[in-house]
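Data first, discussion second: the structure below is written as structure tokens.
In what follows, chains carry the letters A, B, and so on, assigned in the order in which the sequence lines appear, proteins first and then strands, with residues in each chain numbered from 1.
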There are 2 protein chains.
Amino acid sequence: MNKAAGKLADSDGAKGRLPAHEVIYRQLRDLVLYGDLAPGQAVTIQGLTERLAAGMTPVREAIRRLIAEGALEFQGNRRVCVPLLNAENISEIILARQWLDPHLSLRATQRATPDDLDELTAMDTTLDQSILRGDLRGYLELNYKFHKRLYELAEAPILADMADGLWLRFGPSLRVVCGRLGTQNLPDKHKDLLQAMRARDAEEAARAIREDVIQGMEQVRQSFGGQDPLN
Amino acid sequence: MNKAAGKLADSDGAKGRLPAHEVIYRQLRDLVLYGDLAPGQAVTIQGLTERLAAGMTPVREAIRRLIAEGALEFQGNRRVCVPLLNAENISEIILARQWLDPHLSLRATQRATPDDLDELTAMDTTLDQSILRGDLRGYLELNYKFHKRLYELAEAPILADMADGLWLRFGPSLRVVCGRLGTQNLPDKHKDLLQAMRARDAEEAARAIREDVIQGMEQVRQSFGGQDPLN
DNA sequence: CAGGAAATAATTTGATCATATTCTAGGCAA
DNA sequence: TTGCCTAGAATATGATCAAATTATTTCCTG
């Protein structure tokens, strides 16, 4: 006889009912996205089972997912590492984001409610505080989530997935660049974007985010593409 | 530093040395890509272990990869199915391909060698034969491989990955549409494209592939977005 | 007495782990 | 340098546990 067993009576731990492989995936994803893993660094299954205190099977599945998304790289012979971008890769990402991000911002501007705009504004304010505090990790996380929220508001899940996937690819490199430059020297165009969105000027919003993308990604290109010409 | 010997000299072993999860992944990928799995159909691990005569772990990993690529859909409660596209999804895919494919064709035109062009021409010829024969499966496979080869020639791996991923998303729906219309009624612009590529007219090649994309995808949109409004 | 809804049992399927096997890398000796 | 050998990591299997859907039963209502 099975008892009710409690739907959500998670007295044992603070974890929700998410399967382990999903939890591990998100943790590993954040590790990549916020640059806790350096470009080129090897990623081993057993290393992650220890670091994340997980079983082998969930870790394997999480790694496969990240490889499929381009966040990790399978090196032929059983080895997995964090991708090391070259100048051409970065140019491709810039090109794709220059098309995707403005398009998504345009749609988001047409669909965002006043509450949505307030939420974005609040996120941007918190982001500025992280910059002033010199909190690099906080900056990276909030900057990503700001753009991610924008993608969601566009109500175009496939295009949003594509844009999201690009962040996973340049996340590790972005961390390196920001670490060199310091957070103070990383301006953004979020204020222009929010002003245009409040005015419901979708074209202007697209233009603002396009500049934001170019400004941010060009720093990555120069810091990386210029310094590492060979290889 | 010496390289390890023995690149690919496995002439004796009939089977390649590919790991099982890689083999299963490719088989399952083809199943999705060429419409052997219908949109909306449930995909079970145990069903695939029987169908593909494989163990449970490789199948699980293959499914995770396909989910990450958007080829399969995770339905919250442990279930996995083949995505059922709606009109908005199809519009997104059309939009993305309208940008990606011309861009890749343009780059491919600038980089293709005469041998590459001969190869593409041969593929297109075989494709025409499949159409005449009424060989739907052969048509789907060759049509995909023609475009896939084009992506490779562009030498832009990230953009190519993105375009490739879109094929996985509309593959099952494409099969349904082609099954309804018959292969005879599926014209393409490959001849125009090849002519432009041979003339090294990159702009014209981009224009041709753009028309090819629109022509093909609009049939999917009309056949699906119009006919299946509810559900 | 019949029909249906809710609860419960049963079966199917997914998630996880422990373990055995296979492969790669690097050290060591000739 | 070359070849073998060992260590360690990745791959793959099967068993076990947990969850969800389906089927069944029961009880209430008309």
Let me know the distance between [atom1] of [X] and [atom2] of [N], rounded to the nearest Å.
X       : N      : atom1 : atom2 : answer
A:Arg78 : D:dG8  : CZ    : P     : 16 Å
A:Ile45 : C:dC23 : CD1   : P     : 16 Å
B:Glu50 : C:dT13 : CD    : C1'   : 11 Å
B:Gln46 : C:dG14 : CD    : P     : 6 Å
B:Tyr25 : D:dT11 : OH    : P     : 16 Å
A:Gln75 : C:dT24 : CD    : P     : 14 Å
B:Leu48 : C:dT13 : CG    : C1'   : 12 Å
B:Ile24 : D:dT11 : CD1   : P     : 15 Å

(request) Between B:Val43 and A:Arg79, just flag the one whose closest nucleotide in DNA chain C comes earlier from the 5' side. (result)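 Looking at DNA chain C, the more 5' nearest nucleotide goes with B:Val43.
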
(message) Is it true that A:Tyr151 and A:Asp161 share a donor-acceptor pair across their side chains at a distance under 3.5 Å?
(response)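 Side chains of A:Asp161 and A:Tyr151: no pair found under 3.5 Å.
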
(message) Just by distance, no angles: are the side chains of B:Asp164 and B:Tyr144 close enough, under 3.5 Å, to form a donor-acceptor pair?
(response)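 Distance-only check passes for B:Asp164 and B:Tyr144.
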
(message) As a test of reading the structure: which of C:dT16, D:dT11, D:dA18 is closest to the side chain of A:His21, going by heavy atoms?
(response)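 Closest of the options to the side chain of A:His21: C:dT16.
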
(message) Using modelled atom types and a 3.5 Å cut-off, is there a donor and acceptor pairing between side-chain atoms of B:Glu92 and backbone atoms of A:Leu159?
(response)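 Confirmed, B:Glu92 side chain pairs with A:Leu159 backbone.
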
(request) Without swapping roles, check the side chain of A:Gln98 against the backbone of A:Leu95 for a donor-acceptor pair under 3.5 Å. (result)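 Not confirmed, A:Gln98 side chain does not pair with A:Leu95 backbone.
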
(request) Mind running a 4.0 Å heavy-atom check of residues 51-69 of chain B against DNA chain D and sending the residues that fall below it, in number order? (result)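 Contacts with DNA chain D under 4.0 Å: B:Gly55, B:Met56, B:Thr57, B:Pro58.
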
(request) Evaluate the side-chain proximity of B:Tyr25 to B:Val59: yes if any heavy-atom separation is below 4.5 Å, no if none is. (result)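 They are not in contact (no side-chain heavy atoms under 4.5 Å apart), so the answer is no.
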
(message) Quick check: do A:Glu61 and A:Thr57 have side-chain heavy atoms less than 4.5 Å from each other?
(response)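 Yes. Closest side-chain heavy atoms under 4.5 Å.
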
(message) Parallel, tilted or perpendicular: which one describes the rings of A:His190 and A:Phe146, with boundaries at 30° and 60°?
(response)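 Correct class here is parallel.
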
(message) For a quick test of reading the model: is some side-chain N or O of B:Asn77 closer than 4.0 Å to OP1 or OP2 of D:dA19?
(response)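 No, because none of the side-chain N or O atoms of B:Asn77 sits under 4.0 Å from OP1 or OP2 of D:dA19.
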
